[in-house]
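Structure first, then comments.
When a ligand or atom number is given, it counts from 1 through the structure's own listing order.
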Amino acid sequence: MDEEDLHTRLSTVLPTVREHAVSVDADANFPKASIEALGAAGLLGLTLSADVGGLGATPDQYATAVAAVAEGCGSTAMVYLMHLSAANVLTAATPTGHPDVLGELASGNKLGTLAFSEKGSRSHFWAPVSGLDEADGGLRLVAEKSWVTAANRADVVVASVRSVDAAGPMDCELYLVGADDDGYVVTGGFDGLGLRGNDSAPVDMSIVVDERDRLGDASSGFGLMMQVVLPWFALGNAAVSIGLARAALNAAIAHVSEARFAHLDSSIADLPTVRAYIAKAWTALAAHEALMRSTAQRIAAPDDGTILAVLATKAGCNEMALSVTETALRVAGGAAFSRHVGIDRPYRDARAGFVMAPTSDALHEFAGRALCGMELF
Ligand SMILES: Cc1cc2nc3c(=O)[nH]c(=O)nc-3n(C[C@H](O)[C@H](O)[C@H](O)COP(=O)(O)OP(=O)(O)OC[C@H]3O[C@@H](n4cnc5c(N)ncnc54)[C@H](O)[C@@H]3O)c2cc1C
C-alpha cells in the first residue's frame, strides 16, 4: 500500500477514535465503535496480504498506524495491536483446520488476540506452564491465562501451551482456539490504572484441540514467538508508546502556550524552564521515533542486529513514554492533574507498556546479554 492510501484510511478512522477515547477511559468501555471503524477502513487487515483481503503494509506503515491510533486512544491501540499480533503469527503458520481465518481477520469479521501470559509463569510468556492432556480424539489444552486483551470480545485466540513431551519449559506450541468454545471461561474483569477499555482479563481454558488447530509443527511455539510475535509485537508496542507520548506532549504544549499568568501578562511557555523541559521531552520522543523507524526497516529486511534492535526499541520507547508523559504532567501544572487538559489519560495509559512482556527490565537483561555475547536464555 502507498503512504497516501494509509493516511486516507487513517483519516476516516481517527475522528471516531478520538471521539470515544474519553468515555472508553472514564467508563472502562470496550472501544467497539473505534474497532468497527478500523474494520470499515480495511485497517484490521493492515499487515495481512492482499490475497486474503489485507493491505500488505510494511512494518514502518504498521508502526505509523498503531502510533496514530494510540495518539487518539490507548485502549483502542492495545486491542488493535493484539489483533494484528494474532493475525501476523497466523499468517506465518496458518493452522490447517482454519484455512479461512486470515480472510476473516482481514475483513474485521473476526477479532483476534494473543493469550500468552499465565498465572504460573507470569510475564515469562516464553515458558508456559499450562499443559496438553489426553482427551477423546485429541488433546485438551488446559491453561490459566492471566491477561487476554479483548478477552470478552475476541473471536480468534492464539494460546500458548507446553508441548506434550516437553523436555524443558520453552518447549511449547501455539494453538488457535475459539472464544466461543464452552471451555473458554473469562474468570475476571479489568479495572486498570490505564488502557481501561482494553478488556484484558484472566481466562481459564479447557479446550479440546488437535494438530489442525496448531500453528506450525509440533514444538514450534518458541520459534514462532521469537521470530514472528516478538518483532511485530515489540514494534507495535513501541509505536503505542510513541503515540501516547506524542498525545501528552502536544496537550502540554497547547496548555502552556494558552494558560496565562494575568499579573505578569505572560504564558506558562514564557518560562524558560518549561520550554527546556518541553525541548528535552521532544528530543527524546524524536530520537525514539527514529529508533522505532530504523527497527521497522530491520524487521522488513532482517540482519544480524535485528533482534537486539527489537529488544532495545520496545524497552527504549516504553521508558521514553514514562518520562515524556511525566514531563507533560509536570509542565502543565495542577491543571494537568485534573482531567480536562487531556494529559492524565496518556500518562496512565503509557504506564502499561513497560510491564507488557517482555517487560522493559527483562528486555534490558536480554539486550545486555546479547551485547556481552551471552546466550539470551
Ligand atoms: C493492559 C495489559 C494488557 C495485556 N494484554 C495481554 C495480552 O493480550 N496477552 C498476554 O499474553 N498478556 C497480556 N498482558 C500481560 C503482560 O504481557 C505481562 O505478562 C504482565 O503485565 C506481567 O505482569 P506480572 O504481574 O505477571 O509481572 P511479573 O512477571 O510478576 O514481573 C514483576 C517484576 O519483575 C520484573 N521481571 C520479571 N522477569 C524479569 C527478568 N527476567 N529480568 C528482569 N526483571 C524481570 C518485571 O519487569 C517486573 O518489574 C497484558 C498486560 C497489561 C498490563
Is it true that [X] and [Y] have a side-chain N and a carboxylate O under 4.0 angstrom from each other?
X	Y	answer
R196	D349	no
D265	R260	yes
R298	D303	yes
E365	R369	yes

What residue and atom, counting heavy atoms only, is the protein's closest point to atom 49 (O) of ligand 1, and at what distance?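 Of every protein heavy atom, D361 OD2, 3.8 Å lies nearest to atom 49 (O) of ligand 1.
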Close-contact set for ligand 1 against F116 heavy atoms, below 4.0 Å: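 Those qualifying, in numeric order: 10 (C), 11 (O).
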Near N198, which atoms of ligand 1 are under 4.0 Å from a heavy atom of that residue?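 Listed by number with element, the hits are 1 (C), 3 (C).
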Under 3.5 Å, is there a donor-acceptor pair between the [X] and [Y] side chains?
X	Y	value
S360	E319	yes
T359	S123	no
R351	T325	yes
S206	R140	yes
T64	R293	yes

Is [X] in polar range of ligand 1, meaning some N or O pair under 3.5 Å apart?
X	result
L114	yes
E365	no
V355	yes
F190	no

Candidate with minimal heavy-atom separation from atom 7 (C) of ligand 1, of W147, F377, F125: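 When every heavy atom of W147, F377, F125 is considered, W147 comes closest to atom 7 (C) of ligand 1.
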Best match, R122, E118, K119, H124: closest heavy atom to atom 25 (O) of ligand 1: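 Considering heavy atoms of R122, E118, K119, H124, the nearest to atom 25 (O) of ligand 1 sits in R122.
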Specify side chain, backbone, both or neither for [X], according to which of its non-hydrogen atoms lie closer than 4.0 Å to ligand 1.
X	result
T359	side chain
S117	both
M82	side chain

Below 4.0 Å from any atom of ligand 1, is there a heavy atom belonging to H364?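 False for this residue.
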